[in-house]
**Student:** 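Attaching a single structure in structure tokens format; questions to follow.
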2 protein chains.
Amino acid sequence: LSRLLSAAHSPSSLLSPLDTFTDRHVGPDEREVSHMLSQLGYESMDAFVAATVPSKIRVASAAVSNESIPSLSESELHRRARELGKLNTPVKSYIGMGYHNAVVPPVILRNIMESPAWYTPYTPYQPEIAQGRLESLVNYQTMIMSLTAMDIANASLLDEATAAAEGMVMAFIAANQKKRTFLVDSGVSPQTLAVLRTRAKGFGIHLVIGDVFSALKDEAISSDLCGVLVQYPDVNGDIKDFGSIADTVHGAGALLVCASDLLALTMLKPPGEWGADIALGNSARFGVPAGYGGPHGAFFACTDKLKRKMPGRLIGRSKDAQGNPAYRLALQTREQHIRREKATSNICTSQALLANMAAMYAVYHGPVGLKRIAEKVSALTQILKSLVEKHGYKATNANFFDTLTFDVTGAVKDADAVHASALASGINLRKVDEKHVGVTLDESVSAEDVVSLANVFASAASGSPVSASDLALPASLALPAALQRTSGYLPHPVFNAHHSETEMLRYIYHLQGKDLGLVHAMIPLGSCTMKLNSTSSMIPLTWPEFGGVHPFAPTDQVKGYAQVIKELEEDLCKITGFHACSVQPNSGAAGEYAGLSVIRAYHESRGEGHRDICLIPVSAHGTNPASAVMAGLKVVPIKTHADGNLDLDDLKAKAEKHKDKLAAFMITYPSTFGVFEDGVADACKIIHDNGGQVYLDGANLNAQIGVTNPATCGGDVCHMNLHKTFAIPHGGGGPGVGPICVAEHLAPFLPGHPVVPTGGSQAIDAVAAAPYGSASILLISWAYIKMLGGDGLSTASKVALLNANYMAHRLSEHYTLRYKNGNGRVAHELLIDLAEFDKAAGLKVTDFAKRLQDYGFHPPTCSWPISTCMLIEPTESESLEEIDRFCDAMIQIRREAEDVITGKQPKDNNVLKNAPHPISVIVLPEDQWNRPYSRQTAAFPVPWLLERKFWPTVSRVDDGEYFVLTYECRAATHLLVL
Amino acid sequence: LSRLLSAAHSPSSLLSPLDTFTDRHVGPDEREVSHMLSQLGYESMDAFVAATVPSKIRVASAAVSNESIPSLSESELHRRARELGKLNTPVKSYIGMGYHNAVVPPVILRNIMESPAWYTPYTPYQPEIAQGRLESLVNYQTMIMSLTAMDIANASLLDEATAAAEGMVMAFIAANQKKRTFLVDSGVSPQTLAVLRTRAKGFGIHLVIGDVFSALKDEAISSDLCGVLVQYPDVNGDIKDFGSIADTVHGAGALLVCASDLLALTMLKPPGEWGADIALGNSARFGVPAGYGGPHGAFFACTDKLKRKMPGRLIGRSKDAQGNPAYRLALQTREQHIRREKATSNICTSQALLANMAAMYAVYHGPVGLKRIAEKVSALTQILKSLVEKHGYKATNANFFDTLTFDVTGAVKDADAVHASALASGINLRKVDEKHVGVTLDESVSAEDVVSLANVFASAASGSPVSASDLALPASLALPAALQRTSGYLPHPVFNAHHSETEMLRYIYHLQGKDLGLVHAMIPLGSCTMKLNSTSSMIPLTWPEFGGVHPFAPTDQVKGYAQVIKELEEDLCKITGFHACSVQPNSGAAGEYAGLSVIRAYHESRGEGHRDICLIPVSAHGTNPASAVMAGLKVVPIKTHADGNLDLDDLKAKAEKHKDKLAAFMITYPSTFGVFEDGVADACKIIHDNGGQVYLDGANLNAQIGVTNPATCGGDVCHMNLHKTFAIPHGGGGPGVGPICVAEHLAPFLPGHPVVPTGGSQAIDAVAAAPYGSASILLISWAYIKMLGGDGLSTASKVALLNANYMAHRLSEHYTLRYKNGNGRVAHELLIDLAEFDKAAGLKVTDFAKRLQDYGFHPPTCSWPISTCMLIEPTESESLEEIDRFCDAMIQIRREAEDVITGKQPKDNNVLKNAPHPISVIVLPEDQWNRPYSRQTAAFPVPWLLERKFWPTVSRVDDGEYFVLTYECRAATHLLVL
Ligand SMILES: Cc1ncc(COP(=O)(O)O)c(C=O)c1O
Ligand SMILES: Cc1ncc(COP(=O)(O)O)c(C=O)c1O
Ligand SMILES: O=C([O-])O
């Protein structure tokens, strides 16, 4: 809050940096803070915090201060990021293993990845103000369906390894959890295997790894088989005819799951054409930077039969109130919220931004362009093979696309000789074993690069070097005739129209114009902490020094990343009060799962592996029970009081009842009702007294920093949503990062990784494909923390509390505030109950939400955690002006509701029920304008909308009916032609 | 046109790069090209070109090919730009002299400078679809008025030096061109002096340089005085009380012109408070990168009395058809179009984008923030002085703000010792002379930097180093009490509301949402060549390696820039067929002026300095005669035939008549009517035969590349608008670059520079402040040319011709095409005549233009070069789909016009007259919807608008009445509060 203060002639301010971040991040300035405090009746911020946060769990103000976390100005941060970037050695990677040097079309880089219009919006749960991203995600789904030839595809999962784990669980469920053997081909990538291992454990699935062709002949396997996972092409580059096992697998009542590669599928017979039930993989090679492992985004597609079991988000087509087609989320939307402990997947935040980038990449290149890329990669790989084999190396691959594994024994002493030669040329190859070296080519590889590569091998074998003129095109493809793709793909207009940069740019802008993001207005979604994603923290992300790094690069080449990760982990430990951190989980839900798995491993290490009960309040976020189930725990719900607080008696009773089997207790703090419960420390004590561990869901950490922390509350482990509290943009539904911090006794169990050593001494297996998860976006949170410093972080939390309380204060005169503490204070969010309007006039939460769209706001979280409520979280980044504007809108809507209650407006035809009002409705001819209010009232109910209005592009989207756009119907409807 | 072809399995395409630029830059693909050719009745592109371009002036297709200009793929370009960037040594500059290390707020960098929404729009001549930029430019004007305390300010000039020259000419004009002495204080920067010298020559102004205080006592000076230019603070850092000479200057009937510094004015008594008539300066220190000299943007402000003489663009406030306030260009809009040879300034393209950045910088910091910055800079400068003086150096400044000049003789042998010490620390200081060294501080300088700086001096003098703890804040300011600012500034709400990044970002997006740019639709402005500004060419621009370079950095530190400039100059010579190039002119008009000045110098060198007649066709762009006048030439107009061609007889007659005094002939080719005239070579011969030189206005060069060139046409010199043909974005009204290419005999006269040697052996004085003009954006054209290569450049021109001819073909069935060649072909643009509609139904060009806005298009150039016409230029970047969409819109409007002609719609109340229709009109209540057509017809006359519509934000803006927003009325109306 130094914006005004610092203008004073204080000597230190004249010598200190001018571009301090706290002033820019925190919305209200000093005057506005004073105003809000005085409206609430407090003399000081301290007095306000004292009334808001229970004293039992307060931490000293020095806990998170500039002493513990010094602050850097924006330009200092920039310089420091540059220095760290230089510590990452630029080495060209041919490591492969599912990660490529993607070529990001510059128009997509700058106008999607670097554009706040695309990275700031929320998950498109409000379809009327999200048709742009919804269309783009439909493009993604269509592209996946088309390339895989599967019936249906979702709008992204976290990464290939977790997608494979989801596939495994689907197979297990499809077999009614009766058959427990899941067979994995030995050609599957090690990181996928590791994540399968972790996940199999929770579900009690029996993993068998081996050659699928022979393993299937084993009766012991086939009789208990629920599914088979193959990789196509496999990690060594081989392309096998897995279609030949499809009948056997199906005959055994099992599913055939195929991990694949989108680029290869432009040339290979797709899994949908040879009997796969599920196809999945990483879509990052379609224009998403390597970024030291992520964020990337995995695709997931299956047969029509399986669609209702598919995890993740699916976009379908429905219609709006005028009967016009409109996209919306469909099927398992927030599955875990509904199914809770019956869920088998906890996926929530996924990889929307990266899925959009990949979809746009396909729009930009089209089928012809993609084919061209694949053919070049494939041809260069063939050329490389023949050049390398001249020196006595032998490729082990019969058929291949872009990856070769060379047996080096005919040419050199061991693989090290080749790796040394490569490194001398600034090249990384895959370290397979002593005798084998792997090479993977990609779109970024030029003919000159192939010459350099060939010479790496030549030089190691003391052979004579080749030059560009030695490159001769192969006579035929290295793909087996039977596995060559004959079917077309991507015939849809959208993939065949926007190939000039001008058209592409306009398509991007056309879509973004339909979507409301933080660039337009507050997105006060409770539990989601939609705060400023500052430019300074976003800039380093797309520097090649960070974007171009392979996750399995030798650790001495990634010292910049190592330092960023180390500093971030340390700072997160300071903030949470914990001892150690793992940044591997790539979403909040993944963090929950990782944390619970750590708890299980801890119990096991003490011979208490039988502890499998997890207590979870009924008010918990749906991911909590879902994660518990995935970690092999049994969920026992705990009641909450009518005032929103945890029922400590119930907790005590259940804890004692399950004393011997108590594994964990999961609690969100402040609660999902937005209250700092007094009893949190007591609750934790109860758990510990009964042998359990406490998992603190840190989604609401933004309320805590500098005033309390999860350790002080009594937790043993917590996850954080870096995409909430620590300013990673929501990306329209991801990416996210869900690191976990743990107390000292849990540190040994933090997740490991099969390729790059991470985690504790008794590490659980990996929970994500990459060793540091979505590594590149860790830079954002690192920068956020460094720029705010401890003081700024604490200020941010306090202002977040203040903004919410000021809003509660204003709104409580017009609406029923559902929960508050003894002093009348809420935490960082507030829950208002709209039940009375339903009773009085049939007005639902949705009607209020949709009407808010007409006022230019994104509605708050609706009907969660209570169906009749709205959960509103303004965050610290919103200014008083914006908050007042929002309150004014809510109050005006309250008046509009009153008109319905009093009968001034009919119950079935009023501004709320008919909301939102897009322009297509506003222009209706007079004879169709059958509404008892004017167009102005519909569109401009308050004067400031005349100057500043965001328009929904469709009217209310039907949330009942929808249909899923399969490959064919999409092509047929031509919905996407501009 | 390789997009589809290259998909074939041609061996070379499999080995060559995939990310070739021509495919992305050129809108139509091969199929679309074929379609257009067949519609026009040609079998091949060659046949089409043969029918379009006169054979006499055709060049061999090898003239501009990949042989002469090899092409780089997008990623190769990126790598090459990186390499060149590394050749610019990173040295911290304290050189000053009007150039600073600006700190660009990241939110502005990314969302304005790097955003196509801001850099692609055209100059806001269509106010209904440009209210965003207009508001921002009003912010700029307001900021300038407020900080200078002048009555009125314009929306930017090119740079401080040319702004000073405009000030000088205004003074000369104000004195009715009777008094010829212009006195310049010796504290004025050398580059300003150099440009004044050039400009004084053309107007016959007598420049006197010296100490103004004593010079004014000279009767010879004061009796002939038209104006005085002072610099405040001056180039050496001194702050003098020029208010003391105001009465004397005014008493002599002259104007007092003050070059100043915006940051200093936050602390210094502003020029408007001590009698200056004009205040001007560079506004780049408000958040615009140094960029090796530009583009920057100069401000220009004057007293109310002088406002009608003020050059450049001025935004005023008017009202729209509903009576709502709306901004629009006012006063001297394209003065030169109206006044032609009576004009005294040729400014056309200015620096809109950079003015917007500077305005946004003030919005972001507000008065309090700006003051804080100034106070810090000032305090650190004082600290530096005391630290340095400890070692025997002596500052020559009595009063100073941010700049010190040290006499080094008391400490070291000579200045070189200090410069050597500086360089060893990676620091550049100003080289004043043997005994003096200059230091200028700015916003980027930290306390640590001051320590390093002090130690440069200490070390040179073998003194003991200081450390941070030695920094003590000065007790008082170094500004003389009488010159300290006491008045406030920037009280306007807009400068006091958007200080958090969230608010700032939303303000930027709010404004950009009102403006139509290339991100939305075609901007088919004849003569303006609004083509794709590719992301690849924009990216390097904002790398610090290019952005952070001072224009006067020693040449051995700027080898990267040198290489870019050399390659660009060479390529431009290849393209034009000329011998040498100067990139110094920073707009097309500046290029004209430079070229004509070179011609004059050439004549002088041959003892023919008396040649002062310039023949100019009546159809020429208004800048041509204006530039001629500025270069001291007398304009003789040449007729054109009814068919648009030059009247060769008239040309011959006039050339012969003025044989002895003929200096030059200016011609635009293809003509401003969009036709390749057959007679161009003959015309040039006539001029040469009569002793004149031919100036070819290259605004239309996009029609020529690879098919003809200015040298082949017979020219001696031409300018190019890099912001047209070579893809520098128009920036909403600038920046631009207008380099000139010349034949060998003119090369010696290319413009020089007083600080950094440039130009020929007999160089004319500088025409711009920086040696290479707007150096940083040269990167864009360099990249554009390198990525297309010669083949791509030729293809681009041919497709530009084809697109225009296809459009002419489609439209000529519905509209009167005014000019075409014998084969029925136009060049790269087409002129349609709407006179018949005025006659038949009173429908004017404007009515058609405004109606086009309703269809989502930016109107073409209107009423120029013929008042009843539209000049339409699609460029090569538009796809067939977009061109057809535009034609469909025009044809539909033609039908709408027919309804007026036939009386179906009243003459005074119809969709054309009432256009455009913003939403505020569409929602009018029924009783106010007094129109004989429906809301749908108004807003959605064709179905594709339902999906893709750009909304004008105001209805038709009155182009008669307006008022200029002075400082006070602006503050009072609060127009900008959101
Ligand atoms: C309380 C709570 N816990 C967990 C999560 C899950 O986080 P993620 O969406 O990153 O998986 C959320 C997300 O909204 C949440 O609000
Ligand atoms: C034919 C012609 N000449 C000269 C110019 C002046 O160029 P600039 O605006 O860059 O000064 C223009 C600009 O529109 C033009 O069209
Ligand atoms: O599920 C949520 O993303 O809140």
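Naming: A, B, ... by sequence-line order, numbering from 1 per chain. Since this is a predicted model, take the numbers as computed values, not measurements.
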**Student:** If you count heavy-atom pairs under 4.5 Å between each of A/His365, A/Glu443, A/His78 and chain B, which one has the most?
**Tutor:** A/His365

**Student:** For B/Ile523, is there any backbone N or O sitting under 3.5 Å from a side-chain donor or acceptor partner on B/Glu878?
**Tutor:** no

**Student:** Any carboxylate oxygen within less than 4.0 angstrom of a Lys/Arg side-chain nitrogen, looking at A/Arg935 and A/Glu926?
**Tutor:** yes

**Student:** Given that the side chain runs from C-beta out, which part of B/Thr937 has a heavy atom under 4.5 Å from chain A: side chain, backbone, both or neither?
**Tutor:** neither

**Student:** Specify whether B/Tyr507 and B/His498 have parallel, tilted or perpendicular ring planes, treating 30° as the upper limit for parallel and 60° as the lower limit for perpendicular.
**Tutor:** parallel

**Student:** Counting only heavy atoms closer than 4.5 Å, note whether B/Asn111 contacts chain A via side chain, backbone, both or neither.
**Tutor:** side chain

**Student:** Taking the six-membered ring of B/Trp543, is NZ or CZ of B/Arg82 closer than 6.0 Å to its centre and within 45° of its axis?
**Tutor:** yes

**Student:** With a 4.5 angstrom heavy-atom cut-off, which part of B/Met504 approaches chain A: side chain, backbone, both or neither?
**Tutor:** neither

**Student:** Between A/Glu76, A/Glu74, A/Glu114, A/Met538, which has the largest tally of heavy atom pairs under 4.5 Å with chain B?
**Tutor:** A/Glu114

**Student:** Counting distance only, does the side-chain N/O of B/Gln382 pair as donor-acceptor with the main-chain N or O of B/Ser476 below 3.5 Å?
**Tutor:** yes

**Student:** Using the six-membered ring wherever Trp is involved, compare the ring planes of B/Phe940 and B/Trp951 and label them parallel, tilted or perpendicular (cut-offs 30° and 60°).
**Tutor:** perpendicular

**Student:** Answer with side chain, backbone, both or neither: which region of B/Ser75 has an atom nearer than 4.5 Å to a non-hydrogen atom of chain A?
**Tutor:** neither

**Student:** Using a cut-off of under 4.5 Å on heavy-atom pairs, state which of A/Lys376, A/Met522, A/Glu882 scores highest against chain B.
**Tutor:** A/Lys376

**Student:** Contact part of B/Lys514 toward chain A, heavy-atom cut-off under 4.5 Å: side chain, backbone, both or neither?
**Tutor:** side chain

**Student:** Which residue out of A/Thr502, A/Leu380, A/Leu471 racks up the most heavy-atom pairs below 4.5 Å with chain B?
**Tutor:** A/Thr502

**Student:** Sub-3.5 Å donor-acceptor pair from the side chain of B/Arg948 to the main-chain atoms of B/His520, do we have one?
**Tutor:** yes

**Student:** Give the member of B/Ser444, B/Ser446, B/Ala117 that has the highest number of heavy-atom pairs under 4.5 Å with chain A.
**Tutor:** B/Ala117

